Amino acid sequence: MRLLFLGDMVGRSGRTAVAERLPGLVADWKLDFVIVNGENAAGGFGITEDIFEATIDAGADVVTTGNHVWDQREALTFAPRHDAFLRPANYPAGTPGRGSGLFTARNGARVMVMNVMGRAFMHPDLDDPFRCVAEIVEACPLGEQADAIVLDFHAEATSEKQAMGHYLDGRVSLVVGTHTHVPTADHQILNGGTAYQSDAGMCGDYDSSLGMEKEEPLNRFLTKVPRGRFEAASGPATICGLAVEISDRTGLAETISPVRLGARLHEAVPVGW
Ligand code: FE2
């Protein structure tokens, strides 16, 4: 099966690019399953129900999130209503919504998607992400209840992300990082057959600081005195993510290709799709 994962969609620029390009990619690349991280979709901070639904309409099967999931307060209300909306699984018990789910791909495959947050340089008080994913995978193992398993590991530290990749190697189809908004060049298939990339990058305007207008972040580094709000950058976006071919027989990765499409970064598309 062919799976496309798109990294953090930032602001109107990122949303517009995904809405314009994703339907064509689903058709042209014959995608069986699409995951989009949407935690920065509303002006850089959180996601609204309208944006969630528009992302699904554009071709996403699942929208994942991260530390900004509740920035738009309405997410607390709509999260429990939408199975395709995931918040980090290692939030405290009783948190609205859910952090993993089993979905049916266009080819009929059962795809389990997990969304978990890292702790290093981030939120040390969250539940252990390693134990969290182990429990989810043990309850729905690859080759038994699931034909493919994907983890969106929303984390800051590449060390924690790489450790997670090795921890799940051979047990899931793909471990991909989000949150840093910069695509890493370490996409690979690990020894046990799991596709891995430390960070998928963002879908947003790369003439920016993490998708935000660059003036205020620079000002704060220089002066430590806030002069204004962080605003999402409004230039044309580059779509960034990962294309993975997953074996129908084993659920492990057969090919992995970076995806970069749009205004600013060097273009990358999967060969032969
Ligand atoms: Fe984040």
Side-chain angles (χ1 to χ4, degrees), residues 5-15 17-18 35-48 51-52 55 60 62-76 79 85-92 95-100 113-129 132-133 150-165 174-184 196-206 208-214 216-217 220-221 229-233 237-242:
F5 183 97
L6 295 181
D8 314 37
M9 186 170 61
V10 182
R12 182 179 300 278
S13 165
R15 293 190 326 253
V18 170
I35 303 167
V36 179
N37 186 298
E39 74 140 10
N40 305 114
F45 300 96
I47 181 167
T48 64
I51 294 173
F52 163 75
T55 308
V62 176
V63 173
T64 54
T65 57
N67 53 307
H68 288 291
V69 60
W70 309 129
D71 285 1
Q72 304 294 321
R73 306 302 289 177
E74 65 175 89
L76 289 160
F85 183 83
L86 298 182
R87 47 83 174 159
N90 52 336
Y91 275 177
T95 300
R98 61 182 189 157
S100 64
V113 183
M114 306 180 281
N115 189 191
V116 172
M117 250 174 74
R119 296 194 292 190
F121 308 118
M122 210 171 182
H123 288 270
D125 49 347
L126 288 178
D127 291 349
D128 178 353
C132 177
V133 296
V150 178
L151 170 63
D152 174 351
F153 191 30
H154 197 78
E156 189 79 65
T158 44
S159 58
E160 193 177 19
K161 291 173 172 179
Q162 290 182 338
M164 180 63 84
L174 167 65
V175 173
V176 59
T178 55
H179 178 68
T180 71
H181 293 198
V182 178
T184 57
Y196 175 81
Q197 185 182 22
S198 292
D199 206 291
M202 68 170 173
C203 299
D205 177 5
Y206 278 81
S208 68
S209 178
L210 306 186
M212 310 307 280
E213 292 288 358
K214 54 204 171 195
E216 181 58 19
R220 294 197 195 180
F221 280 115
R229 290 154 47 101
F230 287 131
E231 304 279 357
T238 301
I239 285 176
C240 283
L242 201 56

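The figures that follow rest on heavy atoms only: side chains count, while hydrogens, waters and symmetry mates do not. We count ligands from 1, going down the list as the structure has it; atoms in each ligand are counted the same way. The structure displayed is predicted, hence computed values, not measured ones.
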Everything protein-side that's N, O or S and under 2.8 Å from the Fe ion (ligand 1): list it, residue and atom. Glu39 OE2, Asn67 OD1, His154 NE2, His179 ND1
Quick one: pull up CD in Gln162 and OG in Ser198 and give me the separation to the nearest 0.5 Å. 4.5 Å
Leu126: which residues meet the side-chain contact (heavy atoms from CB on, under 4.5 Å) condition with it, sequence neighbours left out? Asn90, Tyr91, Met117, Arg119, His123
So, do Val176 and Leu151 sit near enough that their side-chain heavy atoms are less than 4.5 Å apart? no
What residues form a side-chain contact (heavy atoms from CB on, under 4.5 Å) with Arg229, not counting sequence neighbours? Glu231
Indicate every side-chain donor-acceptor pair of residues 63-70 with a distance under 3.5 Å to a residue at least two apart or in another chain.
| residue | atom | partner | partner atom | Å |
| --- | --- | --- | --- | --- |
| Thr64 | OG1 | Asp152 | OD2 | 2.7 |
| Thr65 | OG1 | Leu86 | O | 2.7 |
| Thr65 | OG1 | Asn115 | OD1 | 3.4 |
| Asn67 | OD1 | His154 | NE2 | 2.9 |
| Asn67 | OD1 | His179 | ND1 | 3.2 |
| His68 | ND1 | Asp71 | OD2 | 2.5 |

For a side-chain hydrogen bond (donor to acceptor under 3.5 Å, both in side chains) check, start with the C-alpha distance between Thr180 and Asp199, then their side-chain angles and the critical distance, and finish with the verdict. CA-CA 7 Å; Thr180 71; Asp199 206 291; 2.8 Å; yes
